[in-house]
Engineer: 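Attaching a single structure in structure tokens format; questions to follow.
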Amino acid sequence: MKKPKIQPIVFWGSLAAIALLIAPLALGPEQSVNVMNEVRNWITSSFGWLYLWFTVAIFAVLIWLAAGRAGKIKFGGADAEPEFSTVSWIAMLFTAGIGSSLLYWGAIEWSYYLTDPPFGLEANSDEAARWASTYGLFHWGFTAWAIYCLPGVIIAYAFHQRGHRVLNLSQACRGIIGKHADGWLGKIIDIFFVFGLVGGVGTSLGLGTPMVAEGVSNLTGIPQGLGLNTGIILLWTLLFGLSSFLGLKRGIRRLADLNLYLAAAVGVFILVVGPTLFILDTFTNSVGLLLQNFIPMSFFFDSIGGSDFTEAWTIFYWAWWIAYAPYIGLFTARISRGRTIRQLILAMLLAGSVGCWLAFAILGNTGLYFELNNVVPVTDILANNGAPAAIISILAALPFGDLLLVVFLLLFLIFMATTLDSSAYTLASVATKELDSEQEPARWQRMFWSFVLAVVAIVMIAGGGLEPLQNLTIITSVPLLLVLTLMTLSLRRWLQEDWQKEIDQKQRPQIKAG
């Protein structure tokens, strides 16, 4: 087995693009911030309808794949055996795709919807509260996981079935762009992917840091600042760097398993000691409300009433998932050998959605109960002190609040680490020339990309450039609409070609006999 080597153009081109990104934003020039805000607003207002139709189309394609003959196709061939147990496989799929953002938004997202609800509802009304506990399930449910799943299916098919031994987007587009996948067009697609992923993950790391810093400061009295933020990021880097260094089976799998079990323990604890009946009753109502209104919510665009709810939340989320989708697809493809297309789709759409729903049900409904029953003024704390302080106030109001906060912060750290180690692993895979089905990218490269992610986050925090970088993630989703379309058309062509080969092989004996 040959040692993995880097793809020079992708590797150095990506670093150059990242350097060009960091240089102006680290300095925080007001003009560039305003320009990026305007571009983001233009995208969401001008192409919002496209995002809604595009995500519904992705969901429909996956249902067609899972229900049809393609669903039986096993990645790696009929005799291929899974590398990981089903629990570990689902744990890695879930933790790579979600990260600490689930804990953050699961606890606090409802409060934004309560004070600024959709459909022209009155703020802080009973109806607004019902939808506040429901819309998080929509934004983190079937559609979000469908966006993540589609590139996973396509890249896994290209890697395991078609023998394209490079885990990148260009090979997944080969069915349409042909030999250009090996040329400059393919390299540009891959560089753009690395550029967008580093920006997006660096943003997640930077956005998650204030949450941990708030908790550490609350427990220890250490003042918040760049020093504490940098220390937290370095700890994260050590965690996910070590995990990425150890590889899939010894590092990433074990960290994902730990993450899953710890999350389950925290969830059960809050469910038992918190407002149990309110959590269960409200979650039941929210699931019913979502299932009854899934199609209207998928197409809701208040062009007549003038509300910007869809642009501010739904379109933002769909663009966010699209920006991350190729990365999730690459990592999913690597760990899904021995699984069928149907198994992958069901695991991501069902297990992924249910996992997110449980977090929103337990964390979010606990906070909603405290708000509605005047236990904790969550929305006031959010408005005056920010989301991290509001989340900590919810945890502090529960029995054993200080201990729960410690465990919550630990879970937050591990959740982010599992996302970042799989990100570093994926970045190294994309920048590698060729990998065998069971081969891993070079350790030095996995560690290198871990370091790059940390540097980007620290520079962005120091320069106050997190908001522009978050906007950049939205901006990078626009060309990915085209890339994902090319990938889908490539899969369709590959399936047609492979099915025709099967028909030809079955007909040959009959022709000879005749």
Side-chain angles (χ1 to χ4, degrees), residues 94-95 97-116 128-141 144 204 207-219 259 262-276 278-280 282-283 286 313 317 320 353-373 375-416 419:
F94 185 75
T95 54
I98 293 302
S100 59
S101 297
L102 177 62
L103 301 178
Y104 184 96
W105 291 111
I108 204 65
E109 187 169 321
W110 61 267
S111 61
Y112 294 95
Y113 304 149
L114 181 66
T115 55
D116 187 15
R130 294 187 185 96
W131 282 103
S133 64
T134 301
Y135 244 99
L137 308 187
F138 175 63
H139 288 149
W140 293 72
S204 296
L207 289 174
T209 301
M211 175 67 234
V212 178
E214 180 81 25
V216 171
S217 180
N218 185 277
L219 290 170
N259 198 352
L262 186 59
V266 171
V268 170
F269 177 80
I270 296 176
L271 180 62
V272 171
V273 304
T276 307
F278 182 85
I279 291 173
L280 296 175
T282 305
F283 175 62
S286 297
W313 287 103
Y317 263 125
W320 185 265
S353 296
V354 170
C356 291
W357 289 359
L358 291 176
F360 273 79
I362 295 172
L363 294 172
N365 288 336
T366 297
L368 179 60
Y369 176 85
F370 288 164
E371 172 72 21
L372 297 178
N373 291 274
V375 177
V376 178
V378 180
T379 55
D380 289 341
I381 296 174
L382 175 67
N384 298 321
N385 305 105
I391 295 171
I392 289 175
S393 70
I394 295 172
L395 298 173
L398 289 164
F400 306 101
D402 288 343
L403 177 60
L404 180 60
L405 177 57
V406 172
V407 178
F408 184 84
L409 293 177
L410 177 62
L411 180 60
F412 202 92
L413 282 165
I414 297 175
F415 246 123
M416 179 62 81
T419 296

Engineer: Taking the side chain as C-beta and beyond, is there a heavy-atom pair between Thr366 and Leu395 under 4.5 Å?
Structural biologist: no
Engineer: For a 4.5 angstrom cut-off between non-hydrogen side-chain atoms, does Leu103 reach Ile391?
Structural biologist: no
Engineer: Side-chain contact test, heavy atoms from C-beta onward, threshold under 4.5 Å: evaluate it for Leu398 versus Phe370 and give yes or no.
Structural biologist: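 Yes, close enough: below the 4.5 Å cut-off.
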Engineer: Give me the ring orientation class for Trp357 and Phe283: parallel if the planes are under 30° apart, tilted from 30 to 60°, perpendicular past 60°.
Structural biologist: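 Geometry flag for Phe283 against Trp357: perpendicular rings.
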Engineer: Just so I know, are the side chains of Phe360 and His139 near enough to count as touching, which here means a heavy-atom distance under 4.5 Å?
Structural biologist: no
Engineer: So which heavy atom on Leu363 is nearest to which on Ala107, and how close?
Structural biologist: CB-CA, 3.9 Å
Engineer: Would you sort out whether Ile108 and Val378 count as a side-chain contact (heavy atoms from CB on, under 4.5 Å), showing the intermediate values?
Structural biologist: CA-CA 9 Å; Ile108 204 65; Val378 180; 3.7 Å; yes
Engineer: Would you check if there is a donor-acceptor pair between the side chains of Glu371 and Thr379 at a distance under 3.5 Å?
Structural biologist: yes
Engineer: Atom CD1 in Ile394, atom CZ in Phe408: separation rounded to 0.5 Å?
Structural biologist: 9.0 Å
Engineer: So, do Leu382 and Tyr112 sit near enough that their side-chain heavy atoms are less than 4.5 Å apart?
Structural biologist: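 Side-chain contact under 4.5 Å: yes.
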Engineer: Distance check, rounded to the nearest 0.5 Å: Glu109 atom CD versus Leu114 atom CG?
Structural biologist: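 It is 12.5 Å, given to the nearest 0.5 Å.
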Engineer: Let's go through Phe94 and Leu102 carefully: what are the C-alpha distance in whole Å and the side-chain angles of both, what is the deciding distance for side-chain contact (heavy atoms from CB on, under 4.5 Å) to 0.1 Å, and is it a yes or a no?
Structural biologist: CA-CA 11 Å; Phe94 185 75; Leu102 177 62; 3.6 Å; yes
Engineer: Could you check whether Tyr317 and Trp140, counting side-chain N and O atoms only, form a donor-acceptor pair closer than 3.5 Å?
Structural biologist: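 Checked: Trp140/Tyr317 side chains pair up, N/O donor to acceptor below 3.5 Å.
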Engineer: For residues 129-140, pull every pair meeting salt bridge (Lys or Arg N to Asp or Glu O under 4.0 Å), keeping only residues two or more places apart or in separate chains.
Structural biologist: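 Every salt bridge (Lys or Arg N to Asp or Glu O under 4.0 Å) pair that includes a residue of residues 129-140, provided the two are not neighbours, is Glu127-Arg130.
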Engineer: Take Leu404 and Val266 through the side-chain contact (heavy atoms from CB on, under 4.5 Å) test and state the conclusion after the steps.
Structural biologist: CA-CA 8 Å; Leu404 180 60; Val266 171; 4.3 Å; yes
Engineer: Using the six-membered ring wherever Trp is involved, compare the ring planes of Tyr135 and Trp131 and label them parallel, tilted or perpendicular (cut-offs 30° and 60°).
Structural biologist: tilted
Engineer: Ignoring hydrogens, what is the shortest heavy-atom contact between Leu372 and Ala129? Give both atom names and the distance.
Structural biologist: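 Minimum heavy-atom contact is CD1-CB, 4.4 Å.
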Engineer: A quick test of your reading: do over 12 heavy atoms of other residues, nucleotides or ligands sit less than 6.0 Å from CG of Asp402?
Structural biologist: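 Incorrect, the count does not exceed 12.
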Engineer: Hey, is OH on Tyr369 packed in by over 12 heavy atoms from elsewhere, all under 6.0 Å?
Structural biologist: no
Engineer: To the nearest 0.5 Å, how far apart are OG in Ser353 and CG in Leu358?
Structural biologist: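 Ser353 OG to Leu358 CG: 11.0 Å, rounded to 0.5 Å.
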Engineer: Nearest heavy-atom pair of Val376 and Ser393: which atoms, and what distance?
Structural biologist: CG1-OG, 3.5 Å
Engineer: How are the rings of Phe269 and Phe400 set to each other: parallel, tilted or perpendicular (split at 30° and 60°)?
Structural biologist: tilted
Engineer: Output yes when a side-chain donor or acceptor of Asn365 lies under 3.5 Å from a complementary backbone atom of Ala361, and no otherwise.
Structural biologist: yes
Engineer: With a 4.5 Å limit on heavy-atom distance, are the side chains of Val268 and Ile362 in contact?
Structural biologist: no
Engineer: side-chain hydrogen bond (donor to acceptor under 3.5 Å, both in side chains), that's the test. Do Thr282 and Ser133 meet it? Break it down for me.
Structural biologist: CA-CA 7 Å; Thr282 305; Ser133 64; 5.9 Å; no
